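Here, residue 1 is the first one in the sequence, and each next residue gets the next number. In this text the structure is predicted, and so the values were computed from the model without any measurement.
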Amino acid sequence: TIREILDKHRAAEQCAVCHNKIDPPGYALENYDVIGGFRERYRVVASDEEPGGAATGAAKKKPKGFKPGPPVDPSDKLPTGEAFHSLEDFKRLMIAHPEPIVRGLTERLLIYSTGHAIEFADRAAVTAIVASGKQSNYGMRSLIHAVVQSETFQNK
């Protein structure tokens with residue numbers, strides 16, 4: 001499964017630094033396939049054995065479509081140690097600590113609106129925008145207003 005492959009990366013110390021941060025959201029969304037359909041099981045290729053030839057006697061696998069595979073496991077734990085068992089649990093954990101999400105959204109809004117990457121000098125502006133958004137419970141309209149009124153937006 002995808003989890004087994006990614007667990008190998010998490011086992012390696014140099015890979016675990018990033019994978020411990022980026023894997024949990026991916027696991028929370030694992031119930032959704034590549035086109036957004038909900039699934040409770042992975043899909044695996046079904047095959048049928050057929051003779052491989054008179055000379056070798058080896059068997060060839062002929063694809064026969066798909067069959068249900070192992071169940072999807074959307075559980076994991078965040079780098080903070082908080083565990084979740086479903087996408088709903090993950091959402092609750094994210095809503096309890098909205099600042100990192102708002103910070104990321106603020107950075108993306110600034111990048112999009114200015115056409116420039118966020119630099120070290122812009123960190124104070126991002127922090128101020130995030131802090132101002134707390135008063136309005138991080139409403140999108142307030143966040144956009146704060147971005148447009150920021151010095152970073154007006155000077156880039």
Side-chain angles (χ1 to χ4, degrees), residues 1-120 122-123 126-127 129-130 133-134 137-144 146-147 152 156:
T1 64
I2 293 169
R3 181 178 291 271
E4 292 167 341
I5 294 168
L6 292 175
D7 282 346
K8 289 181 183 179
H9 287 288
R10 288 173 108 172
E13 188 176 333
Q14 66 272 20
C15 299
V17 174
C18 293
H19 277 273
N20 286 337
K21 295 176 187 173
I22 63 174
D23 288 353
Y27 289 146
L29 295 167
E30 193 63 23
N31 279 114
Y32 296 94
D33 63 16
V34 295
I35 60 170
F38 188 82
R39 64 183 176 183
E40 292 183 359
R41 303 186 78 77
Y42 290 104
R43 196 170 72 153
V44 296
V45 176
S47 62
D48 218 9
E49 298 288 329
E50 68 176 27
T56 62
K60 287 185 183 176
K61 289 191 176 186
K62 182 179 175 186
K64 288 289 209 179
F66 297 99
K67 66 179 182 177
V72 172
D73 179 12
S75 66
D76 201 26
K77 66 178 180 178
L78 299 175
T80 59
E82 299 168 296
F84 60 89
H85 302 287
S86 66
L87 181 57
E88 290 74 26
D89 290 346
F90 181 73
K91 285 183 200 175
R92 278 190 222 99
L93 292 174
M94 293 296 99
I95 290 170
H97 308 288
E99 290 83 10
I101 295 169
V102 174
R103 175 173 292 279
L105 180 59
T106 300
E107 290 174 357
R108 298 304 173 262
L109 286 171
L110 280 169
I111 291 168
Y112 180 77
S113 63
T114 63
H116 294 281
I118 298 296
E119 299 171 354
F120 183 80
D122 300 323
R123 289 174 50 186
V126 171
T127 301
I129 292 168
V130 171
K134 190 171 186 174
N137 201 24
Y138 301 114
M140 187 65 162
R141 183 177 297 190
S142 299
L143 191 61
I144 292 172
V147 166
T152 301
K156 279 197 176 185

*Please list, chain by chain and in numerical order, all residues satisfying side chain to side chain contact (heavy atoms under 4.5 Å, CB included) with Glu30, sequence neighbours excluded.*
Ile2, Arg39, Tyr42, Val72
*Go through the structure and list residues passing salt bridge (charged side-chain N to carboxylate O under 4.0 Å, His left out) with Asp89, not counting sequence neighbours.*
Arg92
*Please report the closest heavy-atom contact between Ser86 and Pro74, naming both atoms and the distance.*
CA-CG, 4.2 Å
*asked:* Nearest 0.5 angstrom please: Asn20 CG to Lys77 NZ, how far?
replied: 8.5 Å
*Nearest 0.5 Å, what's the CG-OH distance between Leu87 and Tyr27?*
15.5 Å
*Which heavy atom of Arg10 sits nearest a heavy atom of Ala16, and at what distance?*
O-CB, 3.2 Å
_I'd like to check the salt bridge (charged side-chain N to carboxylate O under 4.0 Å, His left out) partners of Arg123; sequence neighbours left out, ordered by chain and number._
none
*Should the heavy atoms of other residues, nucleotides or ligands under 6.0 Å from CZ of Arg43 be counted, would the total exceed 12?*
no
_Quick check for you: to the nearest 0.5 Å, what is the distance between Asp76 atom CG and Phe90 atom CZ?_
9.5 Å
*Mind checking what makes salt bridge (charged side-chain N to carboxylate O under 4.0 Å, His left out) contact with Asp33, not counting sequence neighbours?*
none
*Among Thr106, Ile111, Leu105, which one satisfies side chain to side chain contact (heavy atoms under 4.5 Å, CB included) with Leu109?*
Leu105
*Contacts of Thr152 that satisfy side chain to side chain contact (heavy atoms under 4.5 Å, CB included) - sequence neighbours left out*: Leu110, Asp122, Ala125, Ser150, Lys156
*Return the minimal non-hydrogen interatomic distance between Phe84 and Ala28, and the atom names on each side.*
CE1-CB, 3.7 Å
*Can you see which heavy atom on Val44 is nearest to which on Pro68, and at what distance?*
CG2-O, 4.1 Å
*Please work out whether the ring planes of His9 and His19 are parallel, tilted or perpendicular, with thresholds of 30° and 60°.*
parallel
*asked:* Please list all pairs meeting side chain to side chain donor-acceptor pair (under 3.5 Å) that have one or both residues in residues 108-119, counting only residues at least two apart or in different chains.
replied: none
*Ignoring hydrogens and angles, tell me if any N or O in the side chain of Asp73 forms a donor-acceptor pair with the backbone of Ser75 under 3.5 Å.*
yes
*Closest approach of Arg103 and Val130, non-hydrogen atoms and distance?*
CA-CG2, 3.7 Å
*asked:* Testing the basics here: between Ala83 and Leu93, what is the closest heavy-atom pair and its distance to 0.1 Å?
replied: O-CD1, 3.7 Å
*Check whether any side-chain heavy atom of Glu99 sits under 4.5 Å from a side-chain heavy atom of Tyr138, and report yes or no.*
yes
